[in-house]
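Below is one structure, written out as structure tokens, with a few remarks after it.
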Amino acid sequence: MHCPKCGKILEPARHGDLVCDGEVFCDQCHRYYRRLLDLQPLEEIAQWNRRICQAFGYSPPTLTTAASPPLVEGPFDFLEDKKLLMAEADHREGVIVLYDSGLRLATLCHELAHLMTGQDHTEAWARTFAQLVAWVKEQLPPDHFTAGMFVNLLKSSED
């Protein structure tokens with residue numbers, strides 16, 4: 001799998017380096033739409049869970065929340081990147097556990113892609129994740145804040 005913009009080889013196991021949005025991009029060439037990353041109340045995430053699953057013909061999994069697990073402190077933590085667990089999908093039970101920091105539409109799409117494909121971080125998972133994100137983006141209202149900034153920036157460059 002290669003980034004469609006720069007051609008870089010993409011490794012789904014390094015999913016933090018990917019941006020799945022219609023296609024699978026490297027994180028240097030593409031960014032997630034801001035509204036996909038905003039924290040949402042669980043009720044809204046649950047509504048999106050039902051809508052996404054209905055649109056893709058998948059039975060909605062059970063959603064549950066839990067407090068984010070603490071980062072384990074050890075003497076060699078400085079040697080590796082810190083990771084924040086945002087969610088987990090249980091394939092056997094059909095349950096997604098969303099931690100405090102994972103109440104986001106992008107996280108929901110990430111975990112739904114795991115359940116829908118029955119796979120870990122694979123190419124099939126990444127492509128499914130990209131399809132889910134693209135569909136959700138189409139359903140979201142326009143971001144007037146960003147659109148306003150774009151118009152203002154264009155106007156000031158024309159002056």
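Numbering of residues begins at 1 and proceeds along the displayed sequence. Worth knowing before you read on, the calculation uses all heavy atoms, side chains too, and leaves out hydrogens, waters and symmetry mates.
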Requested in this report: Under the side-chain hydrogen bond (donor to acceptor under 3.5 Å, both in side chains) rule, collect the residues that match up with E88, sequence neighbours excluded.
Outcome: Y99

Report task. With sequence neighbours excluded, tell me which residues meet side chain to side chain contact (heavy atoms under 4.5 Å, CB included) with A124. Result -> Q119, T122

Requested in this report: List for me each residue that meets ring pair (Phe, Tyr, Trp, His ring centres under 6.0 Å) alongside F25, sequence neighbours excluded, and say none if there are none.
Outcome: H30

Report summary line: Hits for salt bridge (charged side-chain N to carboxylate O under 4.0 Å, His left out) against D27, two or more places apart or cross-chain, chain-then-number order -> none

Requested in this report: Applying salt bridge (charged side-chain N to carboxylate O under 4.0 Å, His left out), name anything that partners K137, two or more places apart in sequence or on another chain.
Outcome: D21

Query raised in the report: Taking all atoms of both residues into account, what is the closest heavy-atom pair of L39 and S101, and its distance?
Result: CD2-O, 3.9 Å

Query raised in the report: Nearest heavy-atom pair of A46 and L63: which atoms, and what distance?
Result: CA-CD1, 3.6 Å

Once you round to the nearest 0.5 Å, how far does [atom1] of [X] lie from [atom2] of [Y]?
{"X": "T128", "Y": "L112", "atom1": "OG1", "atom2": "CG", "value": "10.5 Å"}
{"X": "D90", "Y": "E111", "atom1": "CG", "atom2": "CD", "value": "11.0 Å"}
{"X": "D38", "Y": "Y32", "atom1": "CG", "atom2": "OH", "value": "14.5 Å"}
{"X": "L115", "Y": "H110", "atom1": "CG", "atom2": "NE2", "value": "10.5 Å"}

Is there side-chain contact between [X] and [Y], with heavy atoms separated by less than 4.5 Å?
{"X": "L36", "Y": "V133", "value": "yes"}
{"X": "T64", "Y": "L98", "value": "no"}
{"X": "L108", "Y": "L132", "value": "no"}
{"X": "C20", "Y": "C109", "value": "no"}

Atom pairs and distances, side-chain donor-acceptor, residues 3-15, under 3.5 Å, sequence neighbours left out:
unit_1 : atom_1 : unit_2 : atom_2 : d
K5     : NZ     : C29    : O      : 3.2
R14    : NE     : D17    : OD2    : 2.9
R14    : NH2    : D17    : OD2    : 2.9
H15    : NE2    : H121   : NE2    : 3.4

Report task. Quick one: which residue pairs count as a salt bridge (charged side-chain N to carboxylate O under 4.0 Å, His left out) with a foot in residues 119-135, not counting sequence neighbours? Result -> E123-R127

Query raised in the report: Is there a donor-acceptor pair closer than 3.5 Å between any side-chain N or O of T107 and the backbone N or O of L103?
Result: no

Report task. Say whether, by atom type as modelled, one donor and one acceptor occur between the side chain of Q40 and the main chain of I45 under 3.5 angstrom. Result -> no

Report task. Could you note down all residue pairs passing side chain to side chain donor-acceptor pair (under 3.5 Å) where residues 41-63 supplies at least one of them, sequence neighbours left out? Result -> none

